[in-house]
Amino acid sequence: MKKLVVALGNRSYPIYIGSGLLNQPELFTQHIKSRQVIVITNETIAPLYLDAVLKNLQGYIVEQLILPDGEQFKTLEFVSGIFDKLLTCKFSRNATLISLGGGVIGDMGGFAAACYQRGIAFLQIPTTLLAQVDSSVGGKTGVNHPLGKNMIGAFYQPQCVIADADVLDTLDDRQLAAGLAEVIKYGLIRDADFFDWLENNITALLARDKQALSFAIERSCINKAEIVSEDETETGIRATLNLGHTFGHAIETGAGYGVYLHGEAVAIGTCQAADLSRRKGWLNDADVERIINLFKKIGLPVTPPKEIDSERFLELMAVDKKNSDGQIRLILLKQIGTATLPVNINQELLGAALKTYGRT
Ligand code: NAD
Ligand code: GLY
């Protein structure tokens with residue numbers, strides 16, 4: 001087992017990465033300071049892993065809440081259902097919430113934990129590749145709004161993250177590919193050697209080679225932990241984690257939540273950001289080709305849906321947390337391995353990119 005640390009002073013916490021971690025009760029119990037514990041999961045993950053998690057909680061007063069599965073349920077309404085459960089069960093302020101699932105359950109459970117009685121402890125047990133390499137680490141929690149993705153939320157750090165690589169065995173290929181989009185992001189924004197490694201090891205990753213997957217999870221978490229430790233609330237470098245996300249969130253919202261997986265939308269958005277970086281004169285044609293080819297090898301989409309035209313894109317992109325005074329700001333690439341901080345984008349350049357990239 002590898003143990004990394006997100007260094008945030010007295011709110012620092014470990015990320016455990018390895019095999020068989022769901023069968024190690026002490027990993028759980030050392031981070032639970034209460035008798036009351038609630039496990040939040042969904043109807044897909046519950047039959048697979050809920051019992052294994054519950055076995056670690058013998059001797060505690062344990063409740064469970066099984067939510068429907070899907071991005072379209074990542075709403076205030078379903079978080080309110082978590083509050084209903086906690087109140088009905090008379091859970092106190094020292095209770096602990098465990099999020100067992102992918103990014104949707106992690107974000108919702110974390111947000112419920114941040115709000116319930118102004119904050120209760122929570123543990124992240126990420127079960128998708130995307131959640132293990134990104135969403136479970138760093139304390140971004142929240143829900144979607146019909147007008148914008150992740151628009152309601154809070155920064156709220158967990159007590160620990162337990163990333164058991166074995167649970168990825170039951171993840172389908174489409175979800176694995178979507179997770180790889182966020183893995184590639186780290187290579188693009190700050191770790192050129194990792195990007196090279198990903199190009200050379202993509203076949204092993206797609207074949208679910210355990211060693212390759214563990215390396216990719218660990219390297220991603222090292223990058224994420226460093227960024228979050230430096231800039232917890234995204235006043236600077238943390239924004240680089242949003243490479244491709246302004247386009248991606250527009251695609252998710254515009255197509256309807258759940259149509260594109262988050263990682264798929266991010267893959268398209270990253271290609272759009274790479275194309276824009278080329279138009280700015282930063283990336284060359286060969287760099288852009290490398291990026292697009294890597295996504296293609298994984299089977300991820302690389303062009304935006306035809307039904308979201310450039311006007312609709314601009315409308316959707318106007319709702320983004322990086323925007324400032326109504327101005328769209330994007331993370332772009334200076335080169336592979338170096339991202340910009342949010343840059344104001346000339347509307348004509350953006351409009352031209354939206355009209356032409358992937359439209360022929
Ligand atoms: P998800 O949570 O919807 O999970 C994907 C699918 O896989 C679901 O159907 C789920 O039930 C299923 N699943 C989960 N684990 C499984 C397993 N081990 N075996 C079989 N099936 C399993 O999606 P996701 O890709 O994990 O997360 C996407 C969400 O994360 C989005 O809402 C996105 O906004 C959010 N996100 C948050 C952050 C953050 O920093 N908080 C970062 C990136 C993404
Ligand atoms: N996934 C983006 C962030 O954690 O900041």
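Whatever order the structure lists them in is the order used to number ligands and atoms, beginning at 1.
- Distance from atom 31 (C) of ligand 1 to its nearest protein heavy atom, with residue and atom name: Glu71 OE1, 3.1 Å.
- The nearest heavy-atom contact from the protein to atom 15 (N) of ligand 1 is Thr127 OG1, 2.7 Å.
- If you look at Asn42 next to ligand 1, the close heavy atoms, those under 4.0 Å, all belong to the side chain.
- Across all non-hydrogen atoms, the minimal contact from Arg359 to Ile308 is NH2-O, 2.7 Å.
- The heavy-atom pair separating Ile120 from Ser92 by the smallest distance is CG2-O, 4.1 Å.
- With hydrogens left out, the protein atom closest to atom 35 (C) of ligand 1 is Asp107 OD2, 3.4 Å, a heavy atom.
- The heavy atom nearest to atom 1 (N) of ligand 2, considering only Asp134, Asp231, Ile227, is found in Asp134.
- For ligand 2, the polar-atom distance check against Asn242 finds no nitrogen or oxygen pair separated by under 3.5 Å.
- Between Thr96 and Lys33, the closest heavy-atom pair is OG1-N, 4.2 Å.
- At the shortest separation from atom 24 (P) of ligand 1 among protein heavy atoms lies Gly103 N, 3.5 Å.
- At least one heavy atom of Lys224 sits closer than 4.0 Å to an atom of ligand 2.
- When each atom of ligand 2 is checked for a heavy atom of Arg238 under 4.0 Å away, the hits are 3 (C), 4 (O), 5 (O).
- Proximity of Lys185 to ligand 1 is not established, as no heavy-atom distance is less than 4.0 Å.
- Ring geometry for Phe83 against Tyr116 counts as parallel: the plane angle stays under 30°, on a 0 to 90° scale with 60° as the upper cut.
- Looking at Val104 next to ligand 1, an N or O pair under 3.5 Å apart turns up.
- Residue nearest to atom 17 (C) of ligand 1, selected from Leu129, Asp164, Thr170, Thr141: Thr170 (by heavy-atom distance).
- Protein heavy atom in closest approach to atom 8 (C) of ligand 1: Asp69 OD1, 3.3 Å.
- Classification of Glu71 and Lys149 as a salt-bridged pair holds, one side-chain N sitting under 4.0 Å from a carboxylate O.
- Distances from atom 38 (C) of ligand 1 to the heavy atoms of Ala131, Gly138, Ser135, Ser136 show the closest one on Ser135.
- The two residues Ile237 and Asp231 have their closest heavy-atom pair at N-OD2, 3.1 Å.
- Of all protein heavy atoms, the one lying nearest to atom 33 (C) of ligand 1 is Lys149 NZ, 3.6 Å.
- The closest approach between His249 and ligand 1 stays at or above 4.0 Å for every heavy atom of the residue.
- Less than 4.0 angstrom separates some heavy atom of Tyr49 from each of these atoms of ligand 1: 18 (N).
- With ligand atoms numbered from 1 in the order given, ligand 2 contributes 2 (C), 3 (C), 4 (O), 5 (O) to contacts under 4.0 Å with heavy atoms of Lys140.
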Run His31 and Tyr16 through ring-ring contact (aromatic ring centres under 6.0 Å, His included) and show every step you take.
CA-CA 12 Å; His31 296 289; Tyr16 304 107; 5.7 Å; yes

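- Looking at Ile184 and Thr270, their side chains never come closer than 4.5 Å, going by heavy atoms from C-beta outward.
- Not a single heavy atom of Leu261 sits less than 4.0 Å from an atom of ligand 1.
- Ring orientation note: the planes of Phe313 and Phe247 are nearly perpendicular, at an angle over 60° on the 30°/60° scale.
- Among all non-hydrogen protein atoms, the one lying nearest atom 6 (C) of ligand 1 is Gln175 NE2, 3.3 Å.
- Counting protein heavy atoms only, atom 4 (O) of ligand 1 is closest to Thr128 CG2, 3.6 Å.
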